[in-house]
Amino acid sequence: MPGSEKQVRVRIAPSPTGNLHVGTVRAALFNELFARHHGGSFIIRIEDTDKARSRPEFERNILEGLAWLGIEWQEGPDKDGSFGPYRQSERIEHYRAALQALLDQDKAYYDETANNVIRLRVAPQEVRFTDLIRGEIITHTDSWGGDFVIARDLKDPVFHLAVVVDDAAQQISHVIRGEDHISNTARHLLLQQALNLPTPHYAHLPLLLDEHRRKLSKRAGEVSVLTYQQHGYLPDALLNYLALLGWNPKNDQEYFTHEELIRNFNLPGIQKGGAVFSLVKLQGFNKYYLRQLSPPALLAAAEPYLRQAGIAVDNTAYWQSALQTEQERVSTLQELGQAVAFFAPDWQGDFPGTLLIWKKSDRQQTRQILEKLAQFLETLPEPTFTVQSLHDEIMNWLETEQLGRGDTLWPLRVALTGREHSPGPFEVAAVLGKQATLQRIAQALEKLL
RNA sequence: GGCUCCAUCGUCUAACGGCUAGGACGCUGCCCUUUCAAGGCGGAAAUAGGGGUUCGAUUCCCCUUGGAGCUACCA
């Protein structure tokens, strides 16, 4: 078309028949990135024409999940624009009018042989359109049998009719949706022709696949965003990972902020083949984003998970330091909450005494060393309880006492943490402070009697 | 079955028709080291097969094979 470029308006049209799905998130993300890259609008339209399965709590879950991820929309059921309403259940009049027009012009008819549903008349023909990602796609109407159902009755339209009417009414310029809709597109084109409506551009995204390379579905497991939220994945990590599933910037960059994604996003960077959703790789991203958090941000993010692990955060500085010792060692906030449990002031070291004994040592020797170490630590002033000073002091002491590192540091670490694997003893002791450190060593000694 | 889409390491992917096919995650060897991580330095790992076109195909065309999606009065 000559003249000014049409305003970019895109949408996602989730049906509120389940909690927010990662596939929906990725479609939402790609639409949002496309809109913002082109200075356009991103719209959320709730497709609740399936009255039996649609539920308001699912709509809420979808909207809250997208907001949690930092995906922004300009118009939606909770954000009025000039193209509302944004729930199909509230747009029945539009569909009724369209259906009536089709019936009046004899472009559609009541099918008396099948429950009196309304069908669109379709002359046998080839339907073609240009997909922005795949190029020209040609379908013959014979392949699905021609006339197709567009409504159960005047007030009960089927998805095909509703999308076409709404996309036109809301001036959608680009329909960016899952590959599973490719075969529906021909029907939508036919409907647009019958209703004299414009045809938007279409771009069909590759599917998200499970480990068996089948379409990611609820049955396949962890597809609900809520689950990832509960497990302690960071929104930025999920967003970054999802953006790279089926799209890439044509270079080696892996980590993107939301703004960088907006700047770099384009349709040619979208892949044609389906992409397997890998929890392992998502964990890698989450680990990376976890490491980027400042101590206050880390505490803020981790607090719900600490509470979940039975930890009351009464001392901000203490818990910030405690979290830092595990920050690089875990991949989710949930793991983090469990990992720092031993820092609780009222921790009762519930571990077997044998765990205190280093592989080349024995019970008696371990006891003697811990006793001596406690006496030595007793002489250190409180300000010495920093990672660096403790390291220097204890290492020096080991040398003068002619003691082995493993023989000493392993039991110390276990005495303080009760764990086979944990942060180093200096890090932990520095957080605990002198008093708690000595107390835990004393507690451990009792296990060696 | 019919229709449609797709095809580079295990996975996500890069490579104007032109270097030893690059990166990331994972796996793995060594170093570091009190454990586990982290970190440093290495390694294994891919163009599905067959025909063309071309001086030259990962790249373009065809066939085969394989996979997926759709095939609802669900969206």
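Convention: sequence-line order gives letters A, B, ...; per-chain numbering from 1.
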Scan every strand shown for a Watson-Crick or G-U wobble partner of [N], both distances under 3.5 Å, and answer none if you come up empty.
N      : result
B/rC55 : B/rG18
B/rC70 : B/rG2
B/rA24 : B/rU11

Among residues at least two apart in sequence or on other chains, which ones pass ring pair (Phe, Tyr, Trp, His ring centres under 6.0 Å) with [X]?
X      : answer
A/H94  : none
A/W397 : A/F376
A/F426 : A/H391

Phosphate OP1/OP2 of [N]: any [X] side-chain N/O under 4.0 Å:
X      : N      : value
A/K250 : B/rA14 : yes
A/R291 : B/rG39 : yes
A/N248 : B/rA14 : yes

- line: The complete set of salt bridge (Lys or Arg N to Asp or Glu O under 4.0 Å) pairs with one or both residues in residues 396-419 of chain A, sequence neighbours excluded, reads A/K372-A/E401
For nucleotides 4-11 of chain B, tabulate all protein N/O to nucleotide N/O atom pairs closer than 3.5 Å, reporting atom names and distance.
from, atom 1, to, atom 2, distance (Å)
B/rC5, O2', A/R134, NH1, 2.6
B/rC5, O2', A/E179, OE2, 3.1

- prompt: Mapping A/W247 and A/R214 onto RNA chain B by nearest heavy atom, which one lands closer to the 5' end?
  reply: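 Result of the comparison: A/W247.
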query: Considering heavy-atom distances to RNA chain B, does A/K51 or A/R413 have its closest nucleotide positioned more toward the 5' end?
result: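 Looking at the nearest nucleotide for each, A/R413 comes out on the 5' side.
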field: Heavy-atom donor-acceptor pair, A/N115 side-chain to B/rC73 base, under 3.5 Å
entry: yes
query: Taking the six-membered ring of A/F83, is NZ or CZ of A/R9 closer than 6.0 Å to its centre and within 45° of its axis?
result: yes
task: Just grab all the side chain to side chain donor-acceptor pair (under 3.5 Å) pairs involving residues 262-280 of chain A, residues at least two apart or on different chains.
output: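 The answer is A/W247-A/N266.
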message: Can you identify which nucleotide, out of B/rA75, B/rG22, B/rG69, has its nearest atom closest to the A/H160 side chain?
response: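 Among the listed nucleotides, the one closest to the side chain of A/H160 is B/rA75.
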